[in-house]
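Structure first, commentary second.
Note that these values count all heavy atoms, side chains included, but never hydrogens, waters or copies made by symmetry.
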Amino acid sequence: MQVDGKHYRTIWVHPEDDSVIQIIDQRHLPHQFVIEDLTSVTGVALAIRDMHVRGAGLIGATAGYGMYLAALHDASDNNLKKASRELTQTRPTAVNLSWAVDRQLKAIAQADSTVDRIQVARQTAEDIANEDVDYCRSIGEYGLELIRKLAKEKGSGPLHILTHCNAGWLAFVDHGSATAPMYAAHDAGIDIHVWVDETRPRNQGARLTAWELGQHGVAHTVIPDNTGGHLMQHGLVDLVLTGTDRTTSSGDVVNKIGTYLKALAARDNDIPFYVALPSSTFDWKIKDALAEVPIEQRGADEVAMIQGLNEGQLKKVLITPPDSPLANYAFDVTPANLVTGLITERGICAANRESIGRLFPEYVINH
Ligand code: MRU
């Protein structure tokens, strides 16, 4: 992804010191572009928990590099197990985190010597990141065809796409899931316009998706979270396209809080509701998302406070009565019956076990 004309991934190994992992600290965006050095598992865990990095794919990639740092410091089984626990405890909902840590543990277990273990951990972290990039690029290609078809059916005027939260480049290593088709469509000369839900309480839409789309030159408008239903009723949304933090093999979608309400409104207005995801975001083991997926509850301060730029400084201000009780559920479940389709790196399928199984038989058939 280009930032002021320079290509960046969201995470990489320091070019001059391979004991340092570099990330973009997303807490400062869109107002400041800050690169942070990570040198220990504890630093990586903090960066995930406090959302210096966030988004399903990037959490997974960061955990992968975290396991590499763990091996670099002490490649013993004990230390790697400890590191895996420290990393997986940071955030409970996005399945990419445990998927990446498990993949590292299995890969490292194949190597004996310390040198080999470090080498395998580094290679596996790079593989996870590179696959993330390839899969998102592929999602972009499949999603482009969907957008092309919808734009053709519409005939004239921009195709209006509504998105929620940030399932963009910043939520992955590059391209993004929900944004990849938008970038591909824009690059192909298709006239699109994106409604960006602000996504309270952390405003990933207003701060991150809007910034990304702006960097790429994609027409967009930031809207308060409650606006989508009104726009849909007035024919101003042609497609809803979101990401997901975990999706079951029967097509239930766990995503940023508020997604479910957008899916209900889309159904009521006959608007296609698509979800883009790489295969690392499927949880092949669970059957019932509502019963089995842990929904993260974050600190009350995220609801009570809002952050913005004031006279050149990032400031937080209090917006609630100081004593009001607050709740901060970070994700919700959109049942498969409200999802028109899933855009994956292997193609687009319906949100049900049969269709998902046709694209991913090696995972679905055997469970
Ligand atoms: O809490 P976050 O910012 O890590 O939430 C993740 C998200 O950005 C969204 O839920 C997104 O749609 C899915 S992540 C690709």
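In this structure, a donor-acceptor pair under 3.5 Å is absent between the side chains of Ser250 and Arg353. A donor-acceptor contact closer than 3.5 angstrom is absent between the side chains of Gln204 and Arg54. Checked by atom type, the side-chain pair Thr248/Asp283 shows no donor-acceptor distance below 3.5 Å. Remark: the Ser76 side chain and the Asn78 side chain contain no N/O donor-acceptor pair separated by less than 3.5 Å. Under 3.5 Å, the side chains of His216 and Asp187 contain a donor-acceptor pair of N or O atoms. Side-chain contact of Asn269 with Gln233: a donor-acceptor pair under 3.5 Å is absent, judged by distance alone.
In this structure, Lys262 is not positioned above the aromatic face of Phe273 in the sense of NZ or CZ being under 6.0 Å from the six-membered ring centre and within 45° of the axis.
Separation of atoms CD (Glu292) and NZ (Lys285) is listed at 11.5 Å; rounding is to 0.5 Å. Atom OG in Ser355 sits 12.0 Å away from atom CD1 in Ile348 (nearest 0.5 Å). Between the CZ atom of Arg27 and the CG atom of Asp50 there is a distance of 6.5 Å, given to the nearest 0.5 Å. Residue Ile108 holds its CD1 atom at 11.5 Å from CD of Gln119, rounded to the nearest 0.5 Å. To the nearest 0.5 Å, atom OG1 of residue Thr259 and atom CG of residue Leu338 are 11.5 Å apart.
At a threshold of 4.5 Å between side-chain heavy atoms, the hydrophobic network of Ile, Leu, Val, Met, Phe, Trp and Tyr places Tyr260 and Leu239 in two separate groups. When the side chains of ILVMFWY residues are joined at heavy-atom separations under 4.5 Å, either directly or via intervening members, Leu87 and Val53 end up in a single hydrophobic cluster.
The ring of His193 has its center closer than 6.0 angstrom to the ring center of Trp195. Between Phe360 and Phe282, the ring centre distance stays below 6.0 Å. Here Tyr274 and Tyr142 keep their ring centres 6.0 angstrom or further from each other. Here Tyr183 and Trp169 keep their ring centres 6.0 angstrom or further from each other.
Annotation: side chain of Leu277 is not in contact with side chain of Ile343 (no heavy-atom distance under 4.5 Å). The shortest distance between side-chain heavy atoms of Thr39 and Ser19 does not fall below 4.5 Å. For the pair Thr93/Val254, a side-chain contact is recorded, criterion being any heavy-atom separation below 4.5 Å from C-beta on. Using a 4.5 Å heavy-atom cutoff, the side chains of Val120 and Gln110 are not in contact.
A tilted orientation is assigned to the rings of His230 and His234, their planes being inclined by 30° to 60°. Classified by interplanar angle (parallel below 30°, tilted 30° to 60°, perpendicular above 60°), the ring pair Tyr68/Tyr65 is perpendicular.
Looking at Lys154 and Asp238, a side-chain N of the basic residue comes within less than 4.0 Å of a carboxylate O on the acidic one, giving a salt bridge.
Residues Asp225 and Asp197 approach most closely at OD1-CB, 3.5 Å, considering heavy atoms.
Heavy atoms from other residues, nucleotides or ligands lying under 6.0 Å from CZ of Phe33 number more than 12. More than 12 heavy atoms of other residues, nucleotides or ligands sit less than 6.0 Å from atom NZ of Lys315. Counted within 6.0 Å of CG on Asn310, heavy atoms from surrounding residues, nucleotides or ligands total more than 12; the atom is thus considered enclosed.
With Val196 as the fixed residue, the side-chain contact (heavy atoms from CB on, under 4.5 Å) test singles out one of Val218, Ile223, Leu213: Leu213. A side chain to side chain donor-acceptor pair (under 3.5 Å) with Thr281 is found for one member of Thr344, Asn96, Asn255 and no other, namely Asn96. With Glu345 as the partner, the side chain to side chain donor-acceptor pair (under 3.5 Å) test is satisfied by one option alone out of Ser280, Ser279, Ser138: Ser279.
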As a quick check of understanding, evaluate side-chain contact (heavy atoms from CB on, under 4.5 Å) for Arg9 and Met1, giving each step before the final call. CA-CA 7 Å; Arg9 285 185 171 191; Met1 187 75 190; over 6 Å; no

